[in-house]
Number of protein chains: 2
Amino acid sequence: MSGADKGFQHAILATDIVIFAIKEGSLCILLVKMQKEHFRGYWAVPGGLINPSEPVEACARRNLLKAANADDVYLEQLYTFGEVDRDPHGRVVSVSYYALMPDWRFHLSNSTEYNAIEWFSIDDLPELAYDHDDVVLFAIERLRSKLTYSNIIFNLMPDTFTLSELQRAYEVVLNKKLDKRNFRKKILSLNQIASTGRRTVGKAHRPADLYRFKRKTVEIIQVL
Amino acid sequence: MSGADKGFQHAILATDIVIFAIKEGSLCILLVKMQKEHFRGYWAVPGGLINPSEPVEACARRNLLKAANADDVYLEQLYTFGEVDRDPHGRVVSVSYYALMPDWRFHLSNSTEYNAIEWFSIDDLPELAYDHDDVVLFAIERLRSKLTYSNIIFNLMPDTFTLSELQRAYEVVLNKKLDKRNFRKKILSLNQIASTGRRTVGKAHRPADLYRFKRKTVEIIQVL
DNA sequence: ACAAAAGTGTTATCCATACACCCATGT
DNA sequence: ACATGGGTGTATGGATAACACTTTTGT
């Protein structure tokens with residue numbers, strides 16, 4: 001069914017979602033294994049076709065729920081990929097999104113929907129189906145740049161965290177080392193986080209102060 | 001799971017293009033007067049439906065050529081508007097773009113395609129059809145922010161220009177006054193422009209040095 | 001001669017960077 | 001006791017921001 005021959009079919013619309021989380025000190029994305037012909041065995045970013053009565057973003061949220069069992073995480077539109085031959089099954093225009101999850105374990109609940117679904121470090125990705133290499137690159141670039149001029153990193157963090165954990169999150173996403181003292185000075189001056197008064201327990205070494213974000217709303221702020 | 005089986009109803013795709021130029025010291029966009037019912041008499045951003053065999057960006061370029069007679073200007077995808085009821089004629093998903101023109105006079109050649117087509121200052125816009133208010137706001141915001149971290153302003157400038165003209169371009173887009181001496185110091189330090197050795201002629205007052213951009217390729221640079 | 005835009009430097013302040021040692025805990 | 005990550009301050013350099021007068025031309 002090479003979709004574009006009869007009448008006014010224009011294009012079929014789909015969404016693809018790059019779902020980020022930090023797992024074991026790596027920035028990871030969630031991939032599913034394809035079963036469709038042309039790409040059987042390849043990994044791809046989760047996604048699906050849009051229903052006629054459904055807003056585009058609702059479609060992204062629906063597929064995000066299906067893949068990662070997450071329904072209230074950060075989701076932002078990325079880019080619309082509209083080349084004619086990007087899908088060998090027919091003309092499919094894809095609106096891509098990226099999502100940020102504070103906990104990679106979220107998705108474990110109903111993972112039976114897919115043949116296989118796994119977190120992959122962005123430094124060690126398998127070959128991807130369609131133009132999903134481009135989609136993923138786009139997402140990483142957007143995430144990196146947005147991290148430097150907004151507070152969206154809170155979407156990748158648990159409710160409470162240590163300053164070292166927050167610094168590691170920045171380092172992992174930006175892929176560069178930061179100076180501990182300068183980082184703390186800067187992050188504390190931004191009025192984004194506050195100490196909870198509690199400290200880590202049960203871990204080896206000196207306990208660390210636990211912080212939380214004062215507001216979980218996106219703000220535009222010069223971070224780094 | 002979807003309307004994939006119901007004769008490919010899904011969505012019709014269109015593009016909308018916010019076309020910018022600086023005219024008489026104002027940042028302006030090109031608008032066309034609607035003739036379709038529901039919005040007869042309203043102004044709207046140029047655009048049109050996508051052909052089945054056409055990449056999305058090609059559709060934007062085709063409509064840009066039709067509206068502004070421009071075929072090699074800067075064009076960048078903005079955002080995809082996918083609400084179900086954004087078009088009263090039916091379900092139309094629109095991929096929006098913005099374009100930058102170095103000369104507002106370009107479009108005068110074949111303006112007979114439209115009922116009416118005019119430049120409007122962004123400070124004095126008429127009521128717009130569809131969700132084009134949102135599209136325009138999005139475009140202005142993107143242009144402003146991109147002006148501060150890249151050199152794309154060259155797409156709004158003629159081949160040669162004075163430093164005062166360049167400064168006014170920044171001021172008009174960013175909507176704020178800049179200090180003349182600091183602006184010159186900064187812009188000259190960025191290695192983006194070079195003196196042509198020529199000066200303005202025929203104008204009143206002291207002649208100004210004419211500059212040109214060394215490279216007309218987009219670069220990411222901290223400007224302001 | 002006058003009106004109007006072009007052109008030109010210095011200073012003070014803020015921010016980013018570089019850098020090393022003691023502290024508190026679990027083992 | 002020791003290994004390990006947590007926690008802390010200062011000094012320097014570079015960039016930004018504030019600020020006013022002289023020059024050159026057309027009229």
Side-chain angles (χ1 to χ4, degrees), chain A residues 22 24-26 144-145 147-151 157-158 160-172 174-212 220-224, chain B residues 22 24-25 144-145 147-151 157-158 160-172 174-212 219-224:
Chain A
I22 293 173
E24 292 156 15
S26 280
R144 282 192 176 140
S145 100
L147 216 56
T148 67
Y149 68 85
S150 81
N151 62 350
M157 303 298 294
T160 64
F161 49 86
T162 68
L163 288 180
S164 294
E165 284 164 355
L166 184 59
Q167 181 177 344
R168 270 191 291 274
Y170 276 103
E171 289 177 338
V172 156
L174 298 176
N175 194 30
K176 71 172 170 191
K177 281 270 165 225
L178 300 173
D179 178 86
K180 183 161 57 162
R181 280 174 292 188
N182 291 338
F183 175 79
R184 286 166 187 238
K185 201 189 314 168
K186 182 68 199 232
I187 210 74
L188 289 172
S189 78
L190 290 176
N191 193 30
Q192 290 286 321
I193 63 175
S195 172
T196 61
R198 304 186 52 79
R199 293 190 300 166
T200 53
V201 290
K203 300 234 167 58
H205 317 308
R206 174 173 175 176
D209 289 344
L210 285 167
Y211 287 80
R212 62 179 173 73
I220 302 301
I221 298 183
Q222 200 58 28
V223 180
L224 307 170
Chain B
I22 293 173
E24 292 155 16
R144 283 192 175 140
S145 100
L147 216 58
T148 67
Y149 68 87
S150 82
N151 63 350
M157 303 297 296
T160 65
F161 49 85
T162 68
L163 287 182
S164 293
E165 284 164 355
L166 185 58
Q167 179 177 346
R168 270 191 292 274
Y170 276 102
E171 289 177 338
V172 156
L174 298 177
N175 194 31
K176 69 172 171 192
K177 280 271 166 226
L178 300 173
D179 177 86
K180 181 158 61 161
R181 281 173 292 186
N182 292 337
F183 175 80
R184 286 164 186 239
K185 201 187 316 168
K186 181 71 198 236
I187 209 75
L188 290 172
S189 77
L190 291 176
N191 192 31
Q192 290 285 321
I193 64 175
S195 172
T196 61
R198 302 186 54 78
R199 293 190 300 165
T200 53
V201 291
K203 301 236 167 59
H205 319 306
R206 175 173 175 175
D209 289 344
L210 286 167
Y211 289 80
R212 61 178 172 75
E219 296 174 26
I220 303 301
I221 297 181
Q222 200 55 31
V223 180
L224 309 169

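All chains are named by letter (A, B, ...) in the order of the sequence lines, taking the proteins before the strands, and each is independently numbered beginning at 1. It should be emphasised that the depicted structure is a prediction, and the values quoted were computed from it without experimental measurement.
- Of the residues near DNA chain D, Lys185(A) and Lys186(B), the one whose nearest nucleotide (by heavy atom distance) lies more toward the 5' end is Lys185(A).
- The distance between atom CG of Leu224(B) and atom P of dA15(D), rounded to the nearest whole Å, is 15 Å.
- Of the candidates Leu166(B), Asn182(B), Leu178(B), Ile187(B) forms a side-chain contact (heavy atoms from CB on, under 4.5 Å) with just one, namely Leu166(B).
- There is a side-chain donor-acceptor pair under 3.5 Å between Ser164(A) and Arg184(A).
- Between Val223(B) and Ser150(B), the closest heavy-atom pair is CG2-O, 3.3 Å.
- With DNA chain C read from its 5' end, the first of the two nearest nucleotides for Thr162(B) and Asp179(B) is the one closest to Thr162(B).
- Comparing dG9(C), dA16(C), dT24(D) by their closest approach to the side chain of Arg206(B) singles out dT24(D).
- When all heavy atoms of Ser26(A) and Val172(A) are compared, the pair lying nearest together is C-CG1, 3.7 Å.
- Taking a 6.0 Å sphere around CZ of Arg198(B), one finds it holds 12 or fewer heavy atoms contributed by other residues, nucleotides or ligands.
- What separates OH of Tyr211(B) from P of dA6(C) is a distance of 12 Å, to the nearest Å.
- Side-chain proximity of Lys180(A) to dT24(D), dG6(D), dT25(C): nearest is dG6(D).
- When rounded to the nearest whole Å, the span between CZ of Arg181(B) and C1' of dA15(D) equals 17 Å.
- Of the candidate nucleotides dG9(D), dT8(D), dA6(C), dT8(D) has the atom lying nearest to any side-chain atom of Arg184(A).
- The minimum heavy-atom distance linking Thr148(B) with Gln222(B) is given by the pair O-NE2, 3.8 Å.
- Taking only distance into account, the side chain of Asp209(B) never meets the base of dA6(C) through a donor-acceptor pair shorter than 3.5 Å.
- Across Tyr211(A) and Thr196(A), no two heavy atoms sit closer than the pair C-CG2, 3.9 Å.
- For dA6(C), the OP1/OP2 oxygens have a side-chain nitrogen or oxygen of Ser164(B) closer than 4.0 Å.
- Asn182(A) has its CG atom 14 Å from the C1' atom of dG7(D), to the nearest Å.
- At whole-Å resolution of the value, CD1 in Ile221(B) and P in dA15(D) are 14 Å apart.
- Distance Lys177(B) NZ to dC19(D) C1': 16 Å, rounded to the nearest Å.
- Contact check of residues 195-204 of chain A against DNA chain D (heavy atom, cut-off under 4.0 Å) returns no residues at all.
- Rounding to whole angstrom units, CD of residue Glu165(A) and P of dG7(D) are separated by 10 Å.
- Evaluation of atom-type donor-acceptor distances gives a pair under 3.5 Å for the side chain of His205(A) against the base of dT4(D).
- In this structure, the CG atom of Leu178(B) is 11 Å from the P atom of dA18(D), given to the nearest Å.
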